[in-house]
Undergrad: 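Following this message is one structure expressed as structure tokens.
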Amino acid sequence: MEGVDSRSVASGAVDDGPGEADAARPATDGGTLPGSDVGDDADEPDRVVCHVDMDCFYASCERLRDPDLRGEPVVVGMGYEPGETVGAVATASYEARAFGVESATPISEALDRLPRRADADPADPDAPDPDETGRYLPVDMAFYEEVAEEVKAVLRDCADVLREVSVDEAYLDVTDRTAWDAVGGDDPEPSAAAGPSEVRTLAEGYARHVKQRIEREAGVPASVGVAPNMSAAKVASDADKPDGLVVVPPGSVATFLAPLPTAALHGVGPVTERALAERGIETAGDVADADPETLAEAFGDRGRALVRRARGKDDREVTPRGLPKSLSRESSLPRTTDEERKRETVAALAADVARRARERGCLYRTIGIKAVLPPFDVNTRARSLPGPVDDPDLVEEVALELLSEFADDEVRKLGVRVSNLDFSEGDQATLGGFEGTGRDRGDDLDRGGPAGRDGREGTGATITDWIGGGSADDGETGHGDSDESDTVSEGEAVSGTDDAPERRTDDGQASLGDWS
DNA sequence: TCTGGGGTCCTAGGACCC
DNA sequence: TCTGGGGTCCTAGGACCC
């Protein structure tokens, strides 16, 4: 992926003048034989990338099991139940959005704009008009994941390469399943989709097929964008929601993007949008016309990538999502300085994170906390261990220690995270001690540690051997013995002891797309 | 609009090593 | 004793995404 990007090479159009070099390039006709131009730096063949984005997914799932909710304003969120004081909207149906209730709206505000149906007592003249009330439901992630699994089954069937971005969103590379050729040959039919495409292409038909299969087989609506790259496909799926199908054929990407506000680009959030506006850059077209180096000065590599994507260039390949990099849990609490309350909260979060790590069969080497102080001051602290572990007690211990720095502070939110994850355990088992992680093996050889390859096999060393049973301050001593980590894992990493629905297809990468 | 929870990636500075 | 530059790891924070 990297390197490909070094726009210098070949191409001649080194700094493709503002605008179009790429956009102007004609779509490759379907007649080109793959590989016919080996050895030269010709443009890569156009890909066909679909981005599938489920429409207000949680709300759609709720409607799936309760058809009475269809056509009603539906708000799915958390924190509005009695006793809860903090929370936000997770998903609002489009009917609810008409009342100004959107994802991330604080629940109190949502209730102001759209009272809950239960409060609409017809006998009470002061009660809200039932027509201006909504149905509020708590998040039921387990159910949404069931539905998502059916959606994914369709997607897997429709694409060789699938990247699941989240429970309700995925990229598909369908280059091998379809093409950009116009339907009808010399007498092409007009496109039936939204977007710049004037003629109907095979890709359009394929995307519609995917969309319809999702609706038919999973029972929930999706919006689909089709384009020659990920970035454009993503914007396209967003361009005609809900229930949209937007086709952006090769050669028209920059034109398609140009009139959109910068915020429509993936990677432009409120901060970047503002910073761009200060430079007079308001639309994607403005971004495309900007000098990449100028934006790089302001935004680093992101700035360069932004310009490229606005010009319709994005070389990223669709790849399955890899293993997670971190696991975390956090929770808001009424502002408090109560140390015991804080410690209890962190201990509970730590236990939960450690449990999830164990369920997924992963070890972690870094333990961290997050403390959010009013008004919204985010602080993170982390400590790395000499080697990867699976040790819930240690997570709690380290987390509480890190928390002590904030003992006197008022907090509004606390979190615990483990990172530096290590999933190699399973591999090691199958490889029969032949393998260690890179760093561990290196250490072994260097030091010829206390337990050589063989010695390590059966020893039941525990974490306490090298971190000390007590405070992680002992970590010092641990350094020299970090090669024990493998052993530690063997003794500690009992995976899947809980009954949690662990759907590992044991396909390595692919299976992990399921988590979350 | 003062903000829920779970993630990702990037950057910058410091420590440490060679 | 003063000096250099490169590489890697770690921590903290920030922006962004769904």
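Here is the naming used below: chain letters follow the sequence lines, and residue numbers restart at 1 for every chain.
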Undergrad: Between atom CD1 in A/I107 and atom P in B/dG4, what is the gap in whole Å?
TA: 11 Å
Undergrad: Sub-3.5 Å donor-acceptor pair from the side chain of A/D240 to the main-chain atoms of A/D238, do we have one?
TA: no
Undergrad: Within this structure, what is the CD-to-C1' distance between A/E330 and B/dT8, rounded to whole angstrom?
TA: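 For the pair A/E330 CD and B/dT8 C1', the rounded distance is 14 Å.
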Undergrad: For a quick check under 3.5 Å, do A/E317 and A/T319 share a side-chain donor-acceptor pair by atom type?
TA: no
Undergrad: Closest to the A/S328 side chain: B/dG7, C/dT11, B/dG4?
TA: B/dG7
Undergrad: Starting at OG1 of A/T272, measure out to CD1 of A/I281 and round the result to the nearest 0.5 Å.
TA: 11.5 Å
Undergrad: Return the value, rounded to whole Å, for the distance between atom NE2 of A/H266 and atom P of B/dG7.
TA: 18 Å
Undergrad: Using a 4.0 Å cut-off on heavy atoms, which residues in residues 406-417 of chain A reach DNA chain B? List them by number, or say none.
TA: A/R412, A/K413, A/R417
Undergrad: With respect to the side chain of A/R383, which nucleotide from C/dT11, B/dT3, C/dG13 is positioned closest?
TA: C/dT11
Undergrad: Side chain of A/M78 only, please: which of C/dC18, B/dG5, C/dA15 is the nearest?
TA: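 Looking only at side-chain atoms, A/M78 lies closest to B/dG5.
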Undergrad: Report the relative orientation of the aromatic rings in A/Y144 and A/Y58; use parallel for angles under 30°, tilted for 30 to 60°, perpendicular for over 60°.
TA: parallel
Undergrad: Using whole Å, what does the distance between atom P of nucleotide B/dG7 and atom NZ of A/K370 come to?
TA: 11 Å
Undergrad: Nearest-Å distance, CD (A/E109) to P (B/dG4)?
TA: 12 Å
Undergrad: Could you tell me whether A/A90 contacts a base, only the sugar-phosphate backbone, or nothing, with contacts defined as non-hydrogen atoms closer than 4.0 Å?
TA: nothing
Undergrad: So which nucleotide from C/dG13, C/dT11, B/dG5 ends up closest to the side chain of A/R381?
TA: C/dG13
Undergrad: Expressed as a whole number of angstroms, how long is the span from A/R302:CZ to C/dA15:P?
TA: 9 Å
Undergrad: Wobble G-U and Watson-Crick pairs count when both distances are under 3.5 Å; given that, what is the 5' to 3' dot-bracket string of DNA chain C, with | for pairing to other strands?
TA: ....||||||||||||||
Undergrad: With nearest nucleotides of DNA chain B determined for A/D352 and A/F376 from heavy-atom distances, which residue corresponds to the more 5′ nucleotide?
TA: A/F376
Undergrad: Looking only at side-chain atoms of A/K234, point me to the closest of C/dC18, C/dC16, C/dA12.
TA: C/dC18
Undergrad: Could you walk me through whether A/E62 and A/V76 satisfy the side-chain contact (heavy atoms from CB on, under 4.5 Å) test, starting with their C-alpha distance in whole Å, then the side-chain angles of each, then the deciding distance to 0.1 Å, before giving a yes or no?
TA: CA-CA 9 Å; A/E62 295 295 346; A/V76 181; 4.0 Å; yes
Undergrad: Return whichever of A/R113 or A/A104 has its heavy-atom-nearest nucleotide of DNA chain B closer to the 5' end.
TA: A/R113
Undergrad: Do A/S328 and A/R417 have side-chain N/O donor and acceptor atoms under 3.5 Å apart?
TA: no
Undergrad: Using distance alone, with no hydrogens and no angle criterion, decide if A/S404 and A/R343 have a side-chain donor and acceptor under 3.5 Å apart.
TA: no
Undergrad: Given the C1' atoms of C/dG4 and B/dC17, what is the spacing between them in whole Å?
TA: 14 Å
Undergrad: Side chains of A/S384 and A/T366 only: does a donor on one sit below 3.5 Å from an acceptor on the other?
TA: yes
Undergrad: Check for me whether A/R412 meets the cation-pi criterion with A/F376, that is, NZ or CZ under 6.0 Å from the six-membered ring centre and within 45 degrees of the ring axis.
TA: no
